[in-house]
Structures are given as structure tokens and as C-alpha cells.
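What follows is a short report on a single structure.
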2 protein chains.
Amino acid sequence: METFSNIFIEVRMGVGIKDVAKAAGVSPATVSRALGKGPVSEELRAQVEAAVRATGYRPNLAARRLRSQDSGTIGLVVADIRNPFFTAVSRAVEDSAYRAGMRVILCNTGEDPEREALYLRHMQSERITGLIFAPTRSTLDQLSKKALDFPVVFIDRCGPGGLHDAVVLDNREAMGELVAHLVERGYRRIGGLFGNSSSTGAQRRDGYLEAMARFGLKPEFRLVAPSAEAAQAEAQAWLAADERPEALVVSNSLLLIGVLRAARARGLAIPGDLALAGFDNESWTELVEPGITVIEQPVEEIGRAAMNLLFERLKTPGLPVRKVVLSGRCVLRGSTATRTP
Amino acid sequence: METFSNIFIEVRMGVGIKDVAKAAGVSPATVSRALGKGPVSEELRAQVEAAVRATGYRPNLAARRLRSQDSGTIGLVVADIRNPFFTAVSRAVEDSAYRAGMRVILCNTGEDPEREALYLRHMQSERITGLIFAPTRSTLDQLSKKALDFPVVFIDRCGPGGLHDAVVLDNREAMGELVAHLVERGYRRIGGLFGNSSSTGAQRRDGYLEAMARFGLKPEFRLVAPSAEAAQAEAQAWLAADERPEALVVSNSLLLIGVLRAARARGLAIPGDLALAGFDNESWTELVEPGITVIEQPVEEIGRAAMNLLFERLKTPGLPVRKVVLSGRCVLRGSTATRTP
DNA sequence: CTGAAAGCGCTTACAG
DNA sequence: CTGAAAGCGCTTACAG
């Protein structure tokens with residue numbers, strides 16, 4: 001039995017709970033109780049702790065999970081962790097989970113329903129305690145009517161009603177604010193560019209249509225695949241038209257990058273030739289000249305709220321389905337300065 | 001035994017390998033073999049597959065890991081997943097792992113040695129197959145002389161020699177390129193701003209000093225905590241001095257944001273009053289006016305290479321320690337345009 | 001509060 | 001190729 005040691009870890013290969021028990025002069029059951037929250041006398045607890053240190057024992061989580069029938073694991077399934085929105089949310093989810101002594105397993109679906117199905121099966125094999133999930137529209141529809149064998153909290157995306165809890169932005173309200181702001185600044189021909197694959201894009205489009213109707217303006221919108229390239233191509237064509245919009249609202253930051261590139265490629269001044277507003281307060285939207293007006297999402301709060309919903313449901317399974325709708329914060333910048341005809 | 005079903009998942013609570021065996025008319029051992037790569041006749045394999053479908057069986061991974069003594073898990077420990085460099089690397093690591101049928105567990109240390117120690121212990125409890133790790137300097141030093149009970153591949157950061165494999169950028173070369181480029185464009189008073197907590201910052205500083213010496217120029221550098229705020233404060237003071245640098249090279253993108261803000265706060269034109277170059281080709285460095293010259297790191301390649309080193313070492317433990325040093329790509333933009341005195 | 005014993009759901013020698 | 005049996009390392013009734 002070879003021994004390694006360092007500041008961090010005293011390792012003896014193959015130390016099990018029996019070895020600790022022997023070293024502490026107690027039974028394995030007592031070691032288990034001392035490590036958990038079982039009732040153990042202070043005296044024995046101290047002996048066990050000393051033995052743990054002496055042996056360098058690390059509990060085997062696979063064994064613990066199997067025996068206790070509790071994986072202590074939260075599944076987190078998102079489109080792409082490289083999307084800064086999901087990056088930030090996942091960080092909040094992980095912090096919250098680690099504080100509760102749980103771990104997180106993360107999967108990237110790439111907005112592909114087949115991979116969503118694959119990862120959902122994987123989550124089953126992991127026997128996860130609960131799932132936090134940003135699904136595509138098609139999977140969202142399926143799951144709205146079906147229960148899984150663990151609680152699910154949707155984030156970022158949700159339908160009306162449904163069987164599962166959800167935490168989402170108030171997309172209609174947020175888009176309404178953006179449109180109202182542009183109108184107030186003197187813009188009338190306001191176009192909308194929306195992603196075509198998530199419910200979020202759809203809700204933001206609805207908010208756009210609603211707001212335009214409220215102001216008696218004629219809406220004009222386009223749907224594109226959720227990539228900067230698709231948005232750039234669409235915007236370049238659109239902005240070449242005779243009757244191009246005075247302003248554009250865009251449903252996410254990836255599309256916003258595409259639109260910005262298109263505007264620059266066309267030599268359009270912002271906001272002189274084209275005002276611009278979008279979602280997600282990423283660092284580049286502030287650093288660019290002029291800064292881009294955006295709706296900032298409460299990303300930490302979304303992650304935390306999702307975990308809270310999950311914990312509450314685990315504690316009280318009978319709770320009614322809850323939907324937490326959070327408001328965005330409108331960050332005004334130069335890209336929507338008052339119109340100068 | 002309640003039954004749920006949907007397109008994705010046919011769930012019967014508590015279906016185990018015995019239930020599948022019964023349904024297929026074979027022994028549990030045969031089910032196990034049919035699901036793995038054990039020798040099973042085509043006939044029985046088909047029966048098992050049908051029974052799996054009929055019962056909605058999902059193997060319990062905790063049991064499998066415990067019994068097979070193989071967690072099939074890669075640990076990934078980084079400073080902060082919100083750093084786009086780590087985001088991209090982690091995505092590459094996960095893709096590579098999932099392709100190999102392994103999963104990844106991710107931890108964020110926040111550059112805190114105590115949390116690094118905590119997570120390293122956690123990795124032990126998970127009985128991970130191997131670790132990919134971007135450590136702080138102090139932990140790097142500790143681990144360089146110590147073996148853990150799983151193979152470790154350092155990414156982004158490494159010391160000289162050491163016991164573990166590593167994948168890093170050629171930081172000296174990259175910084176040398178940046179300095180040479182600035183010199184060629186007519187800059188002489190070139191300052192350096194470096195992070196003070198990682199070996200990467202130190203190596204880039206060394207590359208800077210080396211290059212400045214090569215050109216016979218007087219170096220002037222400062223070290224700061226790895227945050228945009230710290231960099232901004234330091235840069236504001238620095239740029240207020242009478243003898244401020246004509247150009248600044250900056251060791252990471254967080255610091256670069258701070259410097260950019262400081263330059264703007266001081267009303268300095270880029271590159272007229274201050275040329276700027278840094279690391280990591282993030283979208284904002286291109287979108288800003290003028291674009292910022294940066295070293296682009298081969299992030300996907302770093303993640304892939306780290307996984308490959310890990311797999312090779314698992315297959316052949318006796319391999320000598322290897323260090324993969326990858327070259328960055330210098331992306332030239334307006335922030336380092338030819339000097340106009 | 002403590003210990004002996006059973007068992008979580010698998011995989012894998014072992015024997016045939 | 002197949003099955004019966006043992007056992008991975010824990011936790012948890014059960015009994016005291």
C-alpha cells in the first residue's frame with residue numbers, strides 16, 4: 001500500500017470505511033454516522049475524525065449514492081455553455097448546488113432535440129435529484145404534458161401552463177420597454193429580428209407585435225436561425241432595401257453581433273442611419289462605440305431562483321406548478337439616442 | 001409500479017437489471033454482457049434489447065461505477081467558467097469526453113487555493129479517472145512534486161519540469177510577437193500589465209522582458225490582481241503620469257477591458273495616444289473601434305490535446321511526462337496601427 | 001448511542 | 001456463450 005502525501009491530500013490507495021473503523025476502534029456503522037449526521041457520542045466522533053485524517057480516507061460517492069438511493073446531483077441541460085447567458089446562469093446554479101452539498105452535471109444540446117432526448121436518458125441513469133433545463137420548443141411541448149421521474153425546472157424558456165416549474169424573463173414586458181423607448185426617442189419604422197428555435201424568440205416577437213400595435217405602428221419582423229452568421233446575412237439583405245427600418249430590435253446577443261456587422265458592412269451609422277437595441281448586457285455592448293441599448297437579464301437570480309424552486313419541490317412534492325417571471329433591466333446607451341432626421 | 005411514458009423516455013420506477021433479465025428470459029449476467037461488450041449470442045442480445053425497450057430500463061450508473069471500479073469521469077477544475085477562455089476549453093473537453101463515453105465534472109476555484117484543495121478532495125471521492133486542471137501558482141508548485149491517485153493534465157498554466165502532463169500556450173513566443181509587432185510599427189515606450197496570480201501572467205511577463213531586451217528597449221511593467229477593476233485603477237494612474245507609455249501589452253482579456261476603460265476615461269485616442277495589444281480573441285476585441293490586436297489561443301485544440309494526453313497516459317501509465325506547447329495566432333487590428341508621431 | 005447484518009444494482013471471475 | 005454467486009463500499013433498519 002503505497003503512500004503519497006502533500007499539503008492537500010494524504011492518499012492511501014484503497015482506504016475504505018472498514019480501515020477507518022479499525023483505526024478508530026469502532027464499527028463501520030459508527031464511522032458512517034460520524035461522517036453524516038447520525039447520532040454519535042462526541043468521544044467517538046473525535047476518534048473517527050482522527051482516524052479519517054490518519055488514513056486519508058475519502059468516502060466513495062458511488063457507493064454512498066447507490067446505498068442511500070440519493071445521487072445528490074442536479075442535472076443542468078442547456079443549449080450551449082458558450083452562450084454567456086447560460087455561462088452565467090450555470091455558474092449561479094453550481095454555486096447554489098455546491099452550497100447545498102450537491103453536484104451538477106452539465107450537458108450542451110446545441111438546440112438539437114435528439115441530443116436533448118439522449119441527455120434526458122443520461123440524467124435518468126445518473127438518477128438525478130432534479131433537472132434544470134432550457135429546452136427547444138419541440139421538447140418543451142412534449143414535456144409540458146409529461147412527468148419525468150425527477151422534478152424539472154425550465155429556465156429561459158417555457159410555454160403556457162404545463163406540468164413543470166419555470167423561471168423566465170418577462171419577455172413581453174422587456175420587448176415592450178425597448179419598443180416604447182425607441183418610440184419615445186422618435187423612431188417609427190422599427191423592425192424586429194428574432195431567433196426561430198426557442199420559445200424565448202417567439203415571446204419576444206409577441207411582445208414586439210403587441211407594443212407596435214399599442215403605438216399604432218406597422219410591425220415588420222424576420223425570423224432567423226440562432227447564429228450571428230444567419231443574422232448578418234438576413235440583416236444585410238434587409239438593410240439594403242429601399243425602405244429599410246430606422247431602428248431594429250433584436251432578440252438575442254448572438255443575432256445582435258450579426259446585425260452590427262451587417263450595419264457596418266453597409267456603412268450605416270448608429271444610431272444616425274439605424275438605431276439598435278437587444279438583449280443581454282455583455283461586455284462588448286458597453287465597449288462598442290456607441291454602446292448598445294440592451295435588456296439586462298438577472299442571470300444570477302435566474303439560476304438561484306431555479307434552484308430554489310427545485311429545492312422547494314423536493315421538500316414539498318405536492319406544491320402547485322409555479323412560474324417565476326423576472327423583469328429585465330433596460331440599459332440605455334448611445335445606439336438608441338434621440339432620432340435626428 | 002406506476003408508468004409514465006413520452007416520446008423520450010419510457011419510465012417504470014425501479015426497473016433493475018433483474019427485471020430486464022426476467023422479461024428477456026435470461027440471467028442478469030447476460031443482460032449486463034449484452035449492454036456492455038461481453039460475449040453474447042446475437043439471439044440473446046436481441047431479446048435483451050427488446051426487454052430493455054419494453055421495460056424502459058436505464059442502467060444505474062452509481063452501481064456500475066461502484067462495481068466496475070471505474071467512474072468514467074473526468075474532473076475539470078478551472079478558475080472561473082465565465083472566463084471565455086475556460087468556457088471554450090471546457091466545451092472542447094466535454095465534447096471529447098462525451099465522445100469517449102465519459103462524463104465531466106466541473107469546479108470553479110475562483111483562483112482560491114483552499115477551494116482548489118477542497119475540490120481536489122472532492123475529485124478523490126468521485127474516484128475520477130483523470131483530472132484537467134488550471135491551478136493557481138501555489139497549488140501548481142505543490143503538485144509539481146506530488147502524484148495524486150489519478151493522472152493530472154495541467155492546462156493554461158504549468159511550471160518547469162514537474163510530474164504531470166500539460167498543455168499550454170507558448171506565452172513567451174506570443175508575447176514576443178506582440179512586442180516585435182509594436183516595435184515594427186514604430187513604438188518604443190512599450191509598457192506591460194500582467195496578472196499576478198497565475199503562472200501564465202508570469203510567463204507573459206518573462207516573454208515581455210526578453211523581447212524588450214532583445215530590442216534594447218527599457219521595460220516597464222506592473223502586476224495587478226486578475227480583475228478588470230484592478231487593471232482599470234492601475235492603468236488610470238499609470239496613464240496619468242508625465243512619461244506614460246506609447247503602447248501597452250496586457251496579459252489577459254479581463255485586464256484588457258480595464259485598460260480600455262481607463263484609456264477612454266483619460267480621453268486617450270487609440271492608437272494615437274496609446275497603442276494596445278492583448279490576449280484572447282473575444283468578440284468584443286473585434287467589435288470595438290478600433291479593433292484590438294490580440295493573440296488568439298487555440299482553445300478547442302487545448303481542450304482536445306489535454307484529453308488526448310489524459311487518454312494516452314491512462315492507456316500507458318509509464319509514458320514520460322509530456323508538455324504540449326501550442327502557438328497562438330497574432331490577430332492584427334487597428335489598435336496597433338503604425339505610429340504617427 | 002452503538003454494532004452486526006442486510007442490501008443498494010450492478011459486473012466479473014469462476015465454472016460449465 | 002451462459003448462469004450462479006460473490007462482492008464493489010457504503011448506509012440503514014434492527015436489535016440492544
Side-chain angles (χ1 to χ4, degrees), chain A residues 1 11-49 51-52 55-73 101 122 124-129 149, chain B residues 1 11-49 51-52 55-73 101 122 124-129 149:
Chain A
M1 196 180 278
V11 184
R12 288 197 175 80
M13 301 302 295
V15 177
I17 203 169
K18 283 184 189 164
D19 303 284
V20 179
K22 200 170 300 176
V26 300
S27 74
T30 295
V31 175
S32 176
R33 291 192 189 102
L35 263 36
K37 63 214 92 291
V40 185
S41 68
E42 274 315 308
E43 191 189 346
L44 291 193
R45 185 182 299 277
Q47 288 176 36
V48 168
E49 280 165 7
V52 166
T55 56
Y57 170 69
R58 294 288 147 215
N60 182 320
L61 293 180
R64 185 176 277 181
R65 287 177 186 129
L66 173 60
R67 175 55 232 234
S68 68
Q69 299 287 76
D70 177 5
S71 68
T73 299
H122 183 75
Q124 291 221 292
S125 278
E126 292 278 6
R127 303 293 190 264
I128 61 170
T129 305
D149 47 2
Chain B
M1 195 179 278
V11 185
R12 289 195 175 83
M13 302 302 296
V15 175
I17 203 169
K18 283 183 188 166
D19 303 284
V20 178
K22 201 170 301 176
V26 300
S27 72
T30 297
V31 175
S32 176
R33 292 190 189 103
L35 261 37
K37 62 215 92 291
V40 185
S41 68
E42 273 317 307
E43 191 188 346
L44 290 193
R45 184 181 300 275
Q47 288 176 37
V48 168
E49 279 164 8
V52 165
T55 56
Y57 169 71
R58 296 284 149 217
N60 181 319
L61 293 180
R64 185 176 278 181
R65 288 178 185 128
L66 173 60
R67 175 56 233 233
S68 67
Q69 299 288 77
D70 177 6
S71 68
T73 299
H122 183 76
Q124 290 219 294
S125 277
E126 292 279 5
R127 303 293 189 263
I128 61 170
T129 306
D149 47 0

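Just so it is clear: chains get the letters A, B, ... in the order the sequence lines come, proteins before strands, and each one is counted from 1. Just so we're clear, the structure is a prediction, and the values are computed from it rather than from any experiment.
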| query | Any side-chain N or O of A/T30 less than 4.0 Å from the OP1 or OP2 oxygen of C/dG3? | reply | yes

| Are any of A/Q69's side-chain N or O atoms less than 4.0 Å away from OP1 or OP2 of D/dT12? | no

| said: Distance check, C1' atoms only: D/dG16 and D/dT12, in whole angstrom units. | reply: 16 Å

| So, A/E126 and B/R65, do they make that salt bridge, N to O below 4.0 Å? | yes

| field | From D/dT2, C/dT12, D/dG9, nucleotide with atom closest to B/P39 side chain | value | D/dT2

| request: Mind checking B/R33 for me? I need base, sugar-phosphate or nothing, with any heavy atom below 4.0 Å counting as a touch. | output: base

| G-U wobble or Watson-Crick pairing nucleotide for D/dA13 (cut-off 3.5 Å, both distances) | none

| said: Using only atom types and a distance under 3.5 Å, with no angle test, would you say the side chain of B/T55 pairs donor to acceptor with the backbone of B/A51? | reply: yes

| message | Expressed as a whole number of angstroms, how long is the span from B/K37:NZ to D/dC1:P? | response | 15 Å

| query | CZ of A/R58 versus P of D/dC8: gap in Å, rounded? | reply | 22 Å

| query | Heavy atoms under 4.0 Å, any strand shown: does B/L44 hit a base, just sugar-phosphate, or nothing? | reply | sugar-phosphate

| said: Within this structure, what is the CG-CD1 distance for the pair A/N60 and A/I17, rounded to the nearest 0.5 Å? | reply: 10.5 Å

| request: Grab the CD-P distance between B/Q47 and D/dT2 for me, whole Å please. | output: 9 Å

| Opposite nucleotide pairing with C/dA4, Watson-Crick or G-U, both atom distances under 3.5 Å | none

| task | Could you check how far CZ of A/R67 sits from P of D/dA13, rounded to whole Å? | result | 7 Å

| message | Could you tell me how far D/dC14 sits from D/dC10 if I compare only their P atoms? Round to whole Å. | response | 24 Å

| message | I want to check one thing: is the phosphate of C/dT12, taken as OP1 and OP2, less than 4.0 Å away from some side-chain N or O of B/S68? | response | no

| Spacing between A/L66 atom CG and D/dC8 atom C1', to the nearest angstrom | 9 Å

| Gap between atoms CZ and P, on A/R65 and D/dT12 respectively (whole Å) | 14 Å

| field | Nearest-Å distance for atom pair CD/P, residues B/E126 and D/dG9 | value | 16 Å

| Under the 3.5 angstrom rule, does the side chain of A/S71 hit a backbone N or O of A/R127 as a donor-acceptor pair? | yes

| message | Donor-acceptor pair, distance only, cut-off 3.5 Å: does the side chain of A/S125 make one with the backbone of B/R58? | response | no

| request: Send over the distance from A/R64 CZ to D/dC8 P, rounded to a whole Å. | output: 18 Å

